[in-house]
Trainee: 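Dumping the structure here so I can ask a few things about it.
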Amino acid sequence: MEKLFLTSKEVADLLNISQQQAYKIIRDMNKQLAEHGFLILRGKINKKYFLEQIYKAKEEE
(Lines give C-alpha, C1' and ligand atoms only; values in the text may rest on other atoms or scores of the structure.)
Protein backbone atom coordinates (compact mmCIF):
# COMPACT_ATOMS: atom_id res chain seq x y z
CA MET A 1 0.00 0.00 0.00
CA GLU A 2 1.30 3.41 -0.99
CA LYS A 3 1.95 5.95 1.74
CA LEU A 4 -0.69 8.65 2.04
CA PHE A 5 1.34 11.08 4.12
CA LEU A 6 4.87 12.50 3.93
CA THR A 7 6.92 13.27 7.00
CA SER A 8 8.85 16.50 7.52
CA LYS A 9 12.07 14.60 6.81
CA GLU A 10 10.72 13.39 3.46
CA VAL A 11 9.51 16.89 2.54
CA ALA A 12 12.90 18.33 3.47
CA ASP A 13 14.66 15.74 1.31
CA LEU A 14 12.33 16.29 -1.67
CA LEU A 15 12.74 20.07 -1.62
CA ASN A 16 16.36 20.08 -0.46
CA ILE A 17 15.52 22.34 2.47
CA SER A 18 15.99 22.14 6.23
CA GLN A 19 13.59 20.09 8.31
CA GLN A 20 12.54 23.29 10.11
CA GLN A 21 11.48 24.83 6.78
CA ALA A 22 9.65 21.61 5.94
CA TYR A 23 7.70 21.84 9.22
CA LYS A 24 6.60 25.37 8.29
CA ILE A 25 5.44 24.27 4.84
CA ILE A 26 3.57 21.32 6.35
CA ARG A 27 1.96 23.54 8.98
CA ASP A 28 0.79 26.05 6.33
CA MET A 29 -0.58 23.32 4.04
CA ASN A 30 -2.28 21.52 6.93
CA LYS A 31 -3.97 24.79 7.92
CA GLN A 32 -5.42 25.07 4.40
CA LEU A 33 -6.61 21.46 4.52
CA ALA A 34 -8.17 21.87 7.96
CA GLU A 35 -10.10 24.92 6.76
CA HIS A 36 -11.71 22.68 4.13
CA GLY A 37 -12.53 19.97 6.68
CA PHE A 38 -9.87 17.44 5.75
CA LEU A 39 -8.13 15.19 8.23
CA ILE A 40 -4.65 16.37 9.11
CA LEU A 41 -1.83 14.74 11.03
CA ARG A 42 0.56 16.98 12.92
CA GLY A 43 4.03 16.90 11.37
CA LYS A 44 2.83 15.10 8.24
CA ILE A 45 1.22 16.22 5.00
CA ASN A 46 -1.07 14.44 2.60
CA LYS A 47 1.22 13.31 -0.22
CA LYS A 48 -1.24 14.02 -3.04
CA TYR A 49 -2.05 17.53 -1.77
CA PHE A 50 1.63 18.31 -1.23
CA LEU A 51 2.58 17.30 -4.78
CA GLU A 52 -0.35 19.22 -6.25
CA GLN A 53 0.66 22.37 -4.38
CA ILE A 54 4.31 22.04 -5.36
CA TYR A 55 3.57 21.47 -9.05
CA LYS A 56 0.98 24.27 -9.02
CA ALA A 57 3.62 26.59 -7.61
CA LYS A 58 6.10 25.54 -10.32
CA GLU A 59 3.53 26.16 -13.08
CA GLU A 60 2.93 29.69 -11.77
CA GLU A 61 6.66 30.56 -11.93
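Index from 1, following the sequence.
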Trainee: Can I54 be reached from Y49 by stepping across I, L, V, M, F, W or Y side chains whose heavy atoms are under 4.5 Å apart?
Mentor: yes

Trainee: Do the non-hydrogen side-chain atoms of Q21 and K24 ever get within less than 4.5 Å of each other?
Mentor: no

Trainee: Counting heavy atoms not belonging to E35, are there more than 12 under 6.0 Å from its CD?
Mentor: yes

Trainee: Do I45 and L41 share a hydrophobic cluster (ILVMFWY, side-chain heavy atoms under 4.5 Å, transitive)?
Mentor: no

Trainee: Looking at I26 and G43, what are the two nearest heavy atoms and their distance?
Mentor: CD1-O, 3.9 Å

Trainee: If I take atom NZ from residue K31 and atom CD1 from residue I40, how far apart are they, to the nearest 0.5 angstrom?
Mentor: 11.0 Å

Trainee: Can you tell me if N30 uses its side chain to pair, donor with acceptor, with the backbone of R42 under 3.5 Å?
Mentor: no

Trainee: Does L4 share a hydrophobic cluster with F38, counting links as ILVMFWY side-chain heavy atoms below 4.5 Å and allowing steps through other members?
Mentor: no

Trainee: Flag yes if L51 and F5 sit in one hydrophobic cluster, no otherwise; membership is Ile, Leu, Val, Met, Phe, Trp, Tyr, and two members link when side-chain heavy atoms are under 4.5 Å apart.
Mentor: no

Trainee: Please find the pair of heavy atoms, one from A22 and one from V11, that lie closest to each other, and give the distance.
Mentor: CB-CG1, 3.8 Å

Trainee: Looking at Q19 and S8, what are the two nearest heavy atoms and their distance?
Mentor: NE2-OG, 2.9 Å

Trainee: If I compare all heavy atoms of L6 with all of E10, which pair ends up nearest, and what's the gap?
Mentor: CA-OE1, 3.2 Å

Trainee: Rounded to the nearest 0.5 Å, what separates atom CG in D28 from atom CD in Q53?
Mentor: 11.0 Å

Trainee: Are I25 and L33 connected, step by step, through hydrophobic side chains (Ile, Leu, Val, Met, Phe, Trp, Tyr) whose heavy atoms are closer than 4.5 Å?
Mentor: yes

